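Shown next, in structure tokens, is the structure this report addresses.
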Amino acid sequence: MAVYDQMNERQKEAMLCTEGPELILAGAGSGKTRVLTHRIAYLISGKNVRPWHIMAITFTNKAAGEMRERVDRLVGEGAEQVWVATFHSTCVRILRRFIDRIGYDSSFTIYDTDDQKTLMKQVFKELNIDTRTMKERNVLARISAAKNEMTGPEEFRKQAENYYDEKAADCYERYQAGLRKNNALDFDDLLVKTVQLFRAAPDVLDYYQERFRYIMVDEYQDTNTVQFCLVELLAKKYGNLCVVGDDDQSIYKFRGANIRNILSFEEAFPGAHVVRLEQNYRSAGNILDAANEVIRNNRGRKEKHLWTEEEKGELVHVRRFETAREEASGVIGEIARRARNGEYRKYAVLYRTNAQSRLLEEQCVTRGIPYQLVGGVNFYQRKEIKDILAYLRTIANGRDDMAVRRILNVPKRGIGAATADRAGQFAAAQGLSFYDALTKLPALGTLGRAGDKIRRFTEMIEGFREKSRELPLGELIRTVADESGYLDELREEGEIEAQTRTENIQELIAKAMTFDRDGADPADAFEDGLPADRPALDRFLEEVSLVADIDRMDDSAEKITLMTLHAAKGLEFEEVYITGMEDGLFPGSRSLNDPEELEEERRLCYVGITRAKKRLTLTCAKTRITNGEQRWNQDSRFLEEIPERLKDAAGGAAPSRPSAELRSFGFSGAGTAKNTARPKASEIFGKAAAFGKQFQVVKADRLDYTVGDRVKHARFGEGVVEKIEDGARDYEVTVRFDSHGVKKMFAGFAKLQKL
DNA sequence: TCGAGAATTGTTTTT
DNA sequence: CAATTCTCGA
């Protein structure tokens, strides 16, 4: 078959070995996705395996989506029956159908990190734990680690060695009880409960073993112990397990990834067929050599040597700057100069920590360069989005106490903490959910005025419930945002940040409209045991709870991509800049005296280098401000690990003075919009008015007030205009209010009246 | 009940 | 530095 001819011998070997355990050690850029997808095609057309029996598991929705697309193209008919999904969504689907077997309700909600933290705060309060002695985050991290190792609360307690361990065990116990009470699972539970289910219900396990006779796992080096158990259980019956990974790209140890899963695969699955893919099709020779030189400093890895038929290409460019700001300016400036015809899509700027993105972003904004920021605050974690989603969760399912509490007084309804606590106690005493307590409480007449307010709230929710049955999702969300008064409250704030929030809600509505139109993810189109008539609202909430930030990356737009090295795994770009190559930053200070940690950092560096196809630039700054403190760093040891012959000497030595050009572009800190919600400039300019016309603000030709005029604002009262800046989209007006201080806002949004 | 200002705290990396 | 949490006054 013609499609197979373009594959090299090793790739063919990997593809043709379909029975029994197989380990594919796929170096960076060696075409592993191609092997996986072709292997699926071969199973179907060459081995007559029914698509229904094939499963491919990935870590991110993005990877799953790409795989699905390629399988669809390759296989055609029946491709939709292949199960392509992430670990988490696989587990959710299994649990939705069978979790009642282990005593949960199938309408469980999924807690994200914020929800977890909120719950843990409650636990701390119950146990009278002072947050100065222990941190919620820290305890949650320990619980997560325990869950990854499938250690329950009892066993966790047994392993306790001191007072703090005991306390953490108490927390674990209470935390689990809290989840249970709210009919909720956290991310780790999705995996753990699925394994528990399989162990408790052999018939269910058997059902899925029969279904998934051929299993493939991508990025296997990132699996943790639960995931290993899950895969092992599923594959036990037929034994057709194919895992693909690269131990050199294992960068998620902090998340429980167990590198032993890949290093000892052959012990766990005796007789495993091992294939090494070492020919790289991505990077130019010098870049690949640099990657090899860096990674060879690691011990405890499967020896391999990537090679390429590509030419050597350019040397690796190394640039040193005086300060982090000059670094950002230098990098973005160079990209601006190099990008002909606005081909920004070719460029990625990578960094170790999210905090580093700020300076880069500023540079893009001031130079008017389109960019895309991946990471940072996930869209679905933004406050306004979580608020609206909490409404939806309340409408979909009144048992989600956390969601109800969140919106009870948002927007302000005069229902304060005291009243909420009262309802909480009532709920606990009566064994009711928080929401049910709210519906019953006013009738008792013990609340006085607050009773009316609560009644109005529950009536509103009931009204939304009615509407949710007839309205499409997008309309429903718009109605909720509008009629709850949420938008009004935002609008009244008038500030730039509020504008961004409104836009985010608009974006959510747009997403819901797409969802209305296309239905849920295509994999849902075939029967997997779930009732086909699950309300769109439920399916939407579910999909939304499992999206990662990388999933939202748009690789078709002409924008520079800014993201962390972690987020870059699995991607490739023509030209890559890795910034902040400094000891203490990358490798991070934590890893400087821990050899194991240092190796993980080095793998991260390897991942970063191998993202580049044609051109790689490594930059560092002598000094940068971290945590409000100026730090001086040495060059990264990883820079030294790349031999001189591979590095561009010109940039290597010259400690650059800021050129005139750079200075003229300099950032005049004073006039910068300061907004925590950080609008993405590129999106602001790019987004059309297709959705939610009612939110749209049109830039006026001119304003009827000017600097020095007295104006009136709906909420802040009267004040004096101090400054008007002509922004690209709207005038930004700075006003000193008599009683509310100085505020900066968009003119069209704030609706100021001249007095 | 709620806002504003003060104090405090924190940095990897994320499904 | 910036985001979150705390405290106090009305």
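Note on naming: letters A, B, ... go to the chains in the order of the sequence lines (proteins, then strands), and numbering restarts at 1 for each one. Predicted, not measured: the structure shown is a model, and the values here were computed from it.
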Kindly write out the residues that satisfy side chain to side chain donor-acceptor pair (under 3.5 Å) with [X], not counting sequence neighbours, or none if the list is empty.
X: N61(A); value: D551(A)
X: T561(A); value: none
X: R422(A); value: none

Measure from [atom1] on [X] to [atom2] on [N] and round the result to the nearest Å.
X: K569(A); N: dT15(B); atom1: NZ; atom2: P; answer: 11 Å
X: R413(A); N: dC2(B); atom1: CZ; atom2: P; answer: 11 Å
X: L359(A); N: dA2(C); atom1: CG; atom2: C1'; answer: 13 Å
X: L408(A); N: dT1(B); atom1: CG; atom2: P; answer: 11 Å
X: K383(A); N: dT4(C); atom1: NZ; atom2: C1'; answer: 14 Å
X: R590(A); N: dT13(B); atom1: CZ; atom2: C1'; answer: 11 Å
X: N138(A); N: dG10(B); atom1: CG; atom2: C1'; answer: 13 Å
X: N224(A); N: dT14(B); atom1: CG; atom2: C1'; answer: 12 Å

Notebook entry, point to check: salt bridge (Lys or Arg N to Asp or Glu O under 4.0 Å) with R455(A): which residues, sequence neighbours excluded?
Noted result: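 D452(A).
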Margin query: Checking salt bridge (Lys or Arg N to Asp or Glu O under 4.0 Å) between R393(A) and each of D538(A), D115(A), D112(A), which is the one that passes?
Written below: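 The passing option is D115(A).
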Margin query: Taking atom types as they are modelled, would you say the side chain of H88(A) forms a donor-acceptor pair with the base of dT15(B) within the 3.5 Å cutoff?
Written below: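 Present.
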Item checked: Side-chain N,O (N148(A)) to OP1/OP2 (dT15(B)) below 4.0 Å ->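 No, outside the criterion.
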Check: Quick one: is dC1(C) close enough that its OP1 or OP2 comes under 4.0 Å of any side-chain N or O from T626(A)?
Finding: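 No, outside the criterion.
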Next item on the list: Between G414(A) and R255(A), name the one whose nearest nucleotide on DNA chain B is closer to the 5' end.
Entry: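 Here G414(A) is the residue nearer the 5' end.
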Notebook entry, point to check: In terms of the nearest nucleotide of DNA chain B, which residue is placed more toward the 5' end: G588(A) or T58(A)?
Noted result: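 Its nearest nucleotide lies further toward 5', so the answer is G588(A).
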Give the nucleotide from the list [options] with an atom nearest to the side chain of [X].
X: R358(A); options: dA2(C), dG10(B), dT11(B); result: dA2(C)
X: N627(A); options: dT13(B), dG10(B), dT15(B); result: dG10(B)
X: I625(A); options: dT13(B), dT11(B), dC1(C); result: dC1(C)
X: K135(A); options: dG10(B), dT13(B), dT11(B); result: dG10(B)
X: K412(A); options: dG3(B), dT14(B), dT15(B); result: dG3(B)

Margin query: Could you tell me if K569(A) sits above the aromatic ring of Y252(A), with its cationic atom closer than 6.0 Å to the ring centre and no more than 45 degrees from the axis?
Written below: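 Judged by the rule, K569(A) and Y252(A) form no cation-pi pair.
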Margin query: Here's one to test your reading of the geometry: is the NZ or CZ of R413(A) within 45 degrees of the ring axis of F457(A) and under 6.0 Å from its centre?
Written below: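 Checked: cation-pi criterion not met.
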Identify whether any heavy atom of [X] sits under 4.0 Å from a base atom; if not, whether one sits that close to sugar-phosphate; answer base, sugar-phosphate or nothing.
X: D222(A); answer: nothing
X: R137(A); answer: sugar-phosphate
X: T223(A); answer: nothing
X: E219(A); answer: nothing

Check: Ring stacking, F254(A) with base of dT13(B), under 5.5 Å and under 30°?
Finding: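 Stack criterion met.
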Check: Hey, is F187(A) doing a stacking thing with dT15(B), by the 5.5 Å centroid and 30° angle criteria?
Finding: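 So F187(A) counts as stacking on the base.
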Check: Taking atom OG1 of T131(A) and atom CG of N138(A), what is their separation to the nearest 0.5 Å?
Finding: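 Reported value, rounded in 0.5 Å steps: 12.5 Å.
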Checklist line | Contact list for DNA chain B against residues 111-123 of chain A - heavy-atom distance below 4.0 Å | finding: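 Output list: empty, so none.
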Next item on the list: Write down the distance separating the P atoms in dT11(B) and dC6(C), rounded off to the nearest Å.
Entry: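 16 Å, rounded to whole Å.
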Check: Is there any ring-ring contact (aromatic ring centres under 6.0 Å, His included) pair reaching into residues 133-152 of chain A, and which pairs are they, with sequence neighbours excluded?
Finding: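 Those involving residues 133-152 of chain A do not exist here.
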